[in-house]
Amino acid sequence: MAKYIEYEKELNTAQLEAVKSLNGPYLVIAGAGSGKTRTLVFRVVHLVEQGIKPDEILLLTFTRKASEEMLRRAALLLDDRCSKVSGGTFHSFANTVLRKYSNLIGIPNSFTILDQSDAEDTVNLIRTELGFNKADKRFPRKQALLNILSRSVNKSEEVGIILYDEYPQFMEWEAEIKKIQEEYKKYKFSKALLDYDDLLVYLKELLVKHEEIRSGLSRKFKYIMVDEYQDTNKLQAYVVCLLASEHKNIMVVGDDAQSIYSFRGANFKNILDFPKLFPGTKIIALEENYRSTQPILDLTNRIIRQAEEKFDKTLFTKKQGSKVPVFVETRDEHAQSKYVADKILELREEGVELGQIAVLFRSGWHSNDLELELANRNVPFAKYGGQKFVEASHIKDVMAYLRLAYNPSDAVSWYRALQLVRGVGPKTAEKIVSQVVMERRGISGSDGMAGKNEDLRNLFGLLKDVDINKHAPAELLRVFIKFYQPLMREKYDDFDKRINDLDSLERIAVRYRSLEQFLSDMALDPPERNIIEAGTKDRDDSRLTLSTIHSAKGLEWHTVFVIFVAEGHIPSYLSLENRDSVEEERRLFYVALTRAQENLFLLKPHLDRSPRSYFDGGGFVFTRMSRFLEEGGLIGKYITVESDSSDGLDDIDLDDIIGGESRRDKDFMDSLKDYFHDTE
């Protein structure tokens, strides 16, 4: 029996308007804590309820977890039809489409996806082969090189512009970096390797060059929704516009005031310019906040009101609460740490759990002194922004075996797997890779390459014996783990601890039937280490959260402390010479403040002796309150507490999509090419 959804009772006026909007382009400006996810969930329900087929709805998000959770909630509200909606990340969507049609642009559909560290290793391999590793100690290392190349792709800008704007110290190497870019692209193409950026690059190429694919996909996905649109880069925005080209039934949801990821290539202009690309766009603002009290919102509204470019909105709430944000100036950094620790213990005594408290900061090193103070007080905490589970070296070792079983042309994985073998050094590895990959002999042609090295013969034999079509990923993983354990025991002193990680990897693999899907998911949406470890933690182990502001986006806590609210810290000294960077720092500060539900503390040490200060380094320097608090006459309107005081708290199924006549809107397609500077 179908459920009856009383939308008017469940949603406020603005949310209801967004949910019931169907045809045409819509831009939903969703203020912090305004029920953005709830709105998207109910719109999925409403679309399905209107008789639209679930597989004709496409929901694009930035994490797989986000899309899965939205569709799960939608299914609970209505029925299981909602779980059949096409949902996923930009990269997973691109992967799905390319697995079917990549042969049209010269790439086999058995391509391997390089994760971040593998892409860095590949760039380093090319850097070394070209001899640039010996050029000069100032020549960029592999991580910087990949960042430069990635920014060039995601911002749709030439390497020279990226160097001039973001890496001026490497300007003298522009020609060499362009050569690496060229060889990196050739190398990946020849080995059927794609990095994260390639997934979007080739999807765009497919949609632009093959009209029948673009029109077929656009007709298939009749209603498109994009979450966190302010975080899209130029390439993602172009892909979205192409997908909506046949019908323009597209709703993008986001908050221009929370665009904080330009270092990843996110383009703040995407959300501002959406109405220009889609004339007639209806803009709906979600302004009722369900998270914070009004005094906190009054501050955040005044902070963001000073932004130079924005959509106007004023957050308000019906939530009761009168405690105003507290500005605390302490003598120095240690006094700041002492105040925060004292207040946290006081809050815990009053019944606020540690898990409901967070300390936020602009850069990871800002919390160093605080971490020592908390440790001395025996206050348990978790710091966020750490290593991803799949980036641990022993996990990467085992994954290399699986990737070779799937794609024997994966030279990066060959280098890693071979150098684990006793008696195989870089030169031997290079020789074997040359024969197996470059000369295309494959695993079947590896006879005789191992010589007297028994371990190497065992590796070749193992790779010949496994059959990815007959064995599930977990079964293959068990075989490779058994082979790897003796090598792991020799390689790592903490062998016993690392075994637990391999067990966790096996538990993840059990969920998959396809090795391709397992490898793709582990590359595109790898689990965080703290999530993997969550199953071993005591559920009652409540810990304080320490987090960079970037890592805190999307989260909320009863009480939030923001430390180092001073010029040079917020905004960062690295941004002070660039107007756009300062504006992003303002949005970052706004994100920090809007995480608080009940209590908000802003702290600044009067004296700072950090050598990483934007001042001349060394010795004590006087700090100045962040300009974001000074602007708008904010000084004197919030409580200042002396450092020793304790007052203040009381205050896709893609089959058969081709066919049918394309409703190509030539003017629209031409306008897209002009806007995105696409020359095909």
Side-chain angles (χ1 to χ4, degrees), residues 29 31-32 147 151 154-155 157 161-169 228 230-234 254-273 299-313 315 325 327 329 360-366 547-553 562-595 600 602-605 608 610 612-617 621-635 637-638:
I29 302 298
N147 285 341
R151 279 167 168 72
N154 288 307
K155 291 190 172 185
E157 293 178 345
I161 296 175
I162 299 298
L163 293 175
Y164 182 83
D165 289 342
E166 302 180 46
Y167 295 87
Q169 69 272 31
E228 303 285 12
Q230 79 281 350
D231 293 336
T232 55
N233 59 43
K234 207 162 188 178
D255 185 4
D256 54 298
Q258 297 186 71
S259 179
I260 61 173
Y261 293 120
S262 66
F263 66 95
R264 295 181 186 169
N267 189 342
F268 176 62
K269 296 290 186 181
N270 284 350
I271 193 166
L272 293 179
D273 290 349
L299 173 58
T300 61
N301 285 332
R302 296 188 72 166
I303 295 292
I304 206 62
R305 196 169 293 142
Q306 306 302 317
E308 295 184 9
E309 293 183 280
K310 62 186 179 299
F311 288 107
D312 290 327
K313 63 179 177 298
L315 298 183
F327 180 78
E329 183 165 16
L360 306 182
F361 32 85
R362 175 63 179 85
S363 301
W365 58 268
H366 286 170
S547 176
T548 61
I549 302 171
H550 283 102
S551 295
K553 186 174 177 291
V562 186
I563 58 176
F564 283 109
V565 185
E567 283 290 290
H569 296 285
I570 303 176
S572 165
Y573 73 94
L574 295 173
S575 70
L576 297 181
E577 295 183 4
N578 183 290
R579 181 181 63 85
D580 289 342
S581 296
V582 170
E583 285 300 293
E584 178 157 323
E585 293 287 305
R586 183 194 310 280
R587 298 192 294 269
L588 188 64
F589 188 46
Y590 175 82
V591 166
L593 304 188
T594 53
R595 301 310 95 199
L600 176 61
L602 309 174
L603 294 101
K604 177 186 82 72
D608 182 15
S610 168
R612 284 159 289 199
S613 167
Y614 77 106
F615 298 94
D616 57 2
V621 293
F622 292 104
T623 61
R624 175 186 147 201
M625 177 187 287
S626 170
R627 67 184 66 187
F628 304 138
L629 284 181
E630 289 183 342
E631 292 169 350
L634 294 174
I635 290 180
K637 296 192 177 182
Y638 295 91

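Every salt bridge (charged side-chain N to carboxylate O under 4.0 Å, His left out) that E228 has, sequence neighbours left out, goes to K36, K553. The side chain to side chain donor-acceptor pair (under 3.5 Å) check on D255 picks up Q258, K313, with sequence neighbours excluded. For R305, the side chain to side chain contact (heavy atoms under 4.5 Å, CB included) test picks out N301, R302, T314, with sequence neighbours left out. With sequence neighbours left out, the salt bridge (charged side-chain N to carboxylate O under 4.0 Å, His left out) criterion links R595 to no other residue. When the side chain to side chain donor-acceptor pair (under 3.5 Å) test is applied to T300, no partner is found at least two apart in sequence or on another chain. Among residues two or more places apart in sequence or in another chain, the salt bridge (charged side-chain N to carboxylate O under 4.0 Å, His left out) test is passed with D273 by K276. Residues meeting the side chain to side chain contact (heavy atoms under 4.5 Å, CB included) test with E308, sequence neighbours left out: R579, E583. With sequence neighbours left out, the side chain to side chain contact (heavy atoms under 4.5 Å, CB included) criterion links S626 to V565, E567, I570, P571, F628. Evaluation of the side chain to side chain contact (heavy atoms under 4.5 Å, CB included) rule for N578 yields D580, S581 as partners, not counting sequence neighbours. Applying the salt bridge (charged side-chain N to carboxylate O under 4.0 Å, His left out) criterion to E309, with sequence neighbours excluded, gives K269. For S575, there are no side chain to side chain donor-acceptor pair (under 3.5 Å) partners at least two apart in sequence or on another chain. In this structure E166 satisfies the side chain to side chain donor-acceptor pair (under 3.5 Å) test together with R151, K155, sequence neighbours excluded.
Using a 4.5 Å cut-off on side-chain heavy atoms (C-beta onward), N154 and R264 make no contact. Between F589 and R362, the closest side-chain pair of non-hydrogen atoms is not below 4.5 Å. Using a 4.5 Å cut-off on side-chain heavy atoms (C-beta onward), I303 and L629 make contact. Between L360 and V591 the shortest side-chain heavy-atom distance does not fall below 4.5 Å. Looking at heavy atoms from C-beta onward, E630 lies in side-chain contact with R624 at the 4.5 angstrom threshold.
Across A566 and T623, no two heavy atoms sit closer than the pair CB-CB, 4.1 Å. The two residues N233 and G265 come nearest to each other via the heavy atoms CB-O, 3.1 Å. Considering every non-hydrogen atom in both D256 and F268, the closest pair reads O-CE1, 3.3 Å. In this structure, I260 and D231 approach most closely via the heavy-atom pair N-OD1, 4.4 Å.
Residue E584 forms a side chain to side chain donor-acceptor pair (under 3.5 Å) with just one option from S259, S262, S572, and that option is S262.
Looking only at distances, a side-chain donor or acceptor of N270 sits under 3.5 Å from a matching main-chain atom of T232. In this structure a side-chain-to-backbone donor-acceptor pair under 3.5 Å is missing from N267 to K234.
When the shell of 6.0 Å around OH of Y164 is examined, it contains 12 or fewer heavy atoms from other residues, nucleotides or ligands.
Separation of atoms CD1 (I563) and NZ (K604) is listed at 14.0 Å; rounding is to 0.5 Å. For the atom pair CD1 of I304 and OH of Y590, the computed distance is 6.0 Å after rounding to the nearest 0.5 Å. Taking CZ of R587 as the start and CD1 of I549 as the end, the distance is 13.5 Å to the nearest 0.5 Å.
Annotation: H569 is in aromatic contact with F564 [ring centroid separation under 6.0 Å].
Between Y261 and H550, the ring planes are tilted. Angles from 30° to 60° get that label.
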